[in-house]
Chemist: 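First the structure, which I've put down as structure tokens, then a few questions once you've had a look.
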Amino acid sequence: MKLKEEVNTLIKKAFANAGIEADSITVTDATKPEFGDYQFNGAMALAKQLKQNPRQIAQTILDNLETGGMVQKAEIAGPGFINLWLNPEWIAASCQNAEENDRLGIGTRSNPIKAVVDYSGPNMAKQMHVGHLRSTIIGDTLANLLEFLGDEVIRQNHIGDWGTQFGMLIAYLEEMGEEGNGSLKDLEQFYKDAKSRFDADEAFADKAREYVVKIQSGDAHCLTLWKKFIDISLGHCEEVYEKLDVNLSRDDVRAESFYNETLAKVVEDLDKAGMLQESDGAQCVFLEGDEVPVIVRKSDGGYLYATTDLAALYYRANVLGAKRISYVVDARQSGHFKQVFRVAKEAGFVPEDVKLEHVAFGTMMDKNGKPFKTRDGGTVKLIDLLDEAVVRAKAAITSKENYSEEELEKIARIVGIGAVKYADLAINRESNYIFDWDKMLSFEGNTSLYMQYAYARIQSIFRKYGKDVEGEIVIGDELEHRLAVMLLRFEDVLNKAAEDAAPNQITTYLYELVTLFMRFYERNPILKEGVDEQTRISRLMLADLTARTIKQGLAILGIQVVDRL
RNA sequence: GCACUCGUAGCUCAGCUGGAUAGAGCACCCGCCUUCUAAGCGGGCGGUCUCAGGUUCGAAUCCUGACGGGUGUACCA
């Protein structure tokens, strides 16, 4: 339910009734429980403009407020705040509705759009490393979120499969023969070996350079080798996606090389648009106010990543028909995207009404605030990090429960991977973040385990209860009131998170929800003796709605839940 | 040099479309298990929101400047 919108509508109506003109009317969540559920602060701002006392204005609004059964109490406080308390019966009915609905009462967009989310983007010449983690999971979350809200999401994995290094790699692959398949298991090593061969052997280096040209000119033999190489490398990525539980498949791959044929046209079109200039032999677009140009064609005739990105933008906007194109890429590339987006719009490659956004994120750091590396200074392979997460999770869930080995393995996988993802997504994506195993696999604070634990506790109640729950939700006390309102806010949170492409808004919400639930759980017994049937049913339903909200929230983040923990 | 970005409790972070006494978790101290998972809950300690100005009835939030950290800065992606 779009709760805030509903409350807003009431206030807007009150304004209309009172005959007061105001351009933007927005209620906000109450800053404290004692101020109710929502508050409207606009009276103070209007005071000057209307030349009236703000409390007077607030009173006028209140006099014209039609509560419609939704608002129980409205009070003026302080200099002119209007505090609103929702009616418990209305809240209960709304929760009831959510509980009986398989989408938790959350609607789908009335005006869905096509949205392209570009994320992950590994380089086929190298193994995926920790640097790819954030793009992959933030992008996946955004895609899941938009999809859940009803947009038509097109996932695009813009893999790096083109460039001079592939000449060297396929020359080496050829030389290795059948053995190559085996040694390709470790791409990092393969690359190093190929490189040292390249540096040591002049004849090999020549061949590598020759192969670059041959791939580009479509030589069948070299293309076959290249395809084989990409295929194996992509297979490694898929292994990571599988472990990470990310919704990316081969169908989502739209590689750099896909745009090869259109690069010349990009340059040509820029020229036609009168935007092209030659500088030091390179074809450039000079944007007003920018010091450095966007180079779209090198002096040697080759194209660059800006050219490919322009081609991709054209494709996404015009062929795929996207109205929102989101690039989930490291913040260090913000300059690049700012320029490319400008060029694309100015050249008319992308219609005006298409939203282009760079969903930038910061760097992953170690405990000392240095870029995350292995002990010997190398990059940490993503697959190793994920495997370690599962091992550590296994150690962390030294349980009171007796798990079978199989069950333990399953829980460790969900919990370990979930912890890595949650810890990352819980951070405001724009800032750098410190990777800390201990914090990540803690049960305390805003961690995935805290959510998992709450979920498991609820499932445990239902296992014990053992019957279907049918009945009515009744808001029994202040705590249940707050929990219920929090549950109803879910849709607002999702919409805002989608708009801002901010997964941490979802984690923050889940943490608040679960914190409230834990208090409810401690204070309001459900199955214990002495709880009357109506109360029991109502609390069961609130608990169930909470569990389902946690599950749905985590699902959007790409994290599964376990019934026992 | 220029541009972007960040600076909130000892540590890790929320909050930033301006609103009431700035919030969590960790760490530290104190309470709560004979019945729903104590991996939990309650309480305490801890802040000139880097600094200086400005706008405003009201600023952690917006603007300007300084200081400090990070990043980028034409033919790699």
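Quick note on labels: first sequence line is chain A, next is B, and so on, each numbered from 1.
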Chemist: Going 5' to 3' along nucleotides 9-20 of chain B, which nucleotides have protein heavy atoms under 4.0 Å from the base (write B), which only from the sugar-phosphate (write S), and which from neither (write -)?
Modeler: ---SSSS---BB
Chemist: To the nearest 0.5 Å, tell me how far A:T141 OG1 sits from A:I556 CD1.
Modeler: 9.0 Å
Chemist: Check whether the ring centres of A:H158 and A:Y259 lie less than 6.0 Å apart, and answer yes or no.
Modeler: yes
Chemist: Could you label the plane-to-plane angle of the A:Y465 and A:F462 rings as parallel, tilted or perpendicular, counting under 30° as parallel and over 60° as perpendicular?
Modeler: perpendicular
Chemist: Picking from A:V7, A:T9, A:N8, A:N495, what satisfies side chain to side chain contact (heavy atoms under 4.5 Å, CB included) with A:K2?
Modeler: A:N495
Chemist: Looking at A:T363, A:D424, A:N428, which hits side chain to side chain donor-acceptor pair (under 3.5 Å) with A:Y433?
Modeler: A:D424
Chemist: Strictly distance-based, threshold 3.5 Å: is any side-chain N or O of A:R489 a donor or acceptor partner for the main-chain N or O of A:K4?
Modeler: no
Chemist: Could you give the distance separating B:C32 and B:U37 at their P atoms, to the nearest angstrom?
Modeler: 22 Å
Chemist: Do the ring centers of A:F15 and A:F40 come within less than 6.0 Å of each other?
Modeler: yes
Chemist: Sticking with atom P, work out how far B:U55 lies from B:U73, rounded to a whole angstrom.
Modeler: 40 Å
Chemist: Does the plane of the ring in A:W437 sit parallel, tilted or perpendicular to the ring in A:F435? Use 30° and 60° as the thresholds.
Modeler: perpendicular
Chemist: On RNA chain B, does the nearest nucleotide to A:L527 precede the nearest nucleotide to A:Y450 from the 5' side, or the other way round? Give the residue.
Modeler: A:L527
Chemist: Which way is the base of B:C28 turned, syn or anti, if we draw the line at 90° from 0?
Modeler: anti
Chemist: Summarise how protein sits on nucleotides 71-77 of chain B as a single string, 5' to 3': B when a protein heavy atom is under 4.0 Å from the base, S for sugar-phosphate-only contact, - for no contact.
Modeler: SSSBBSB
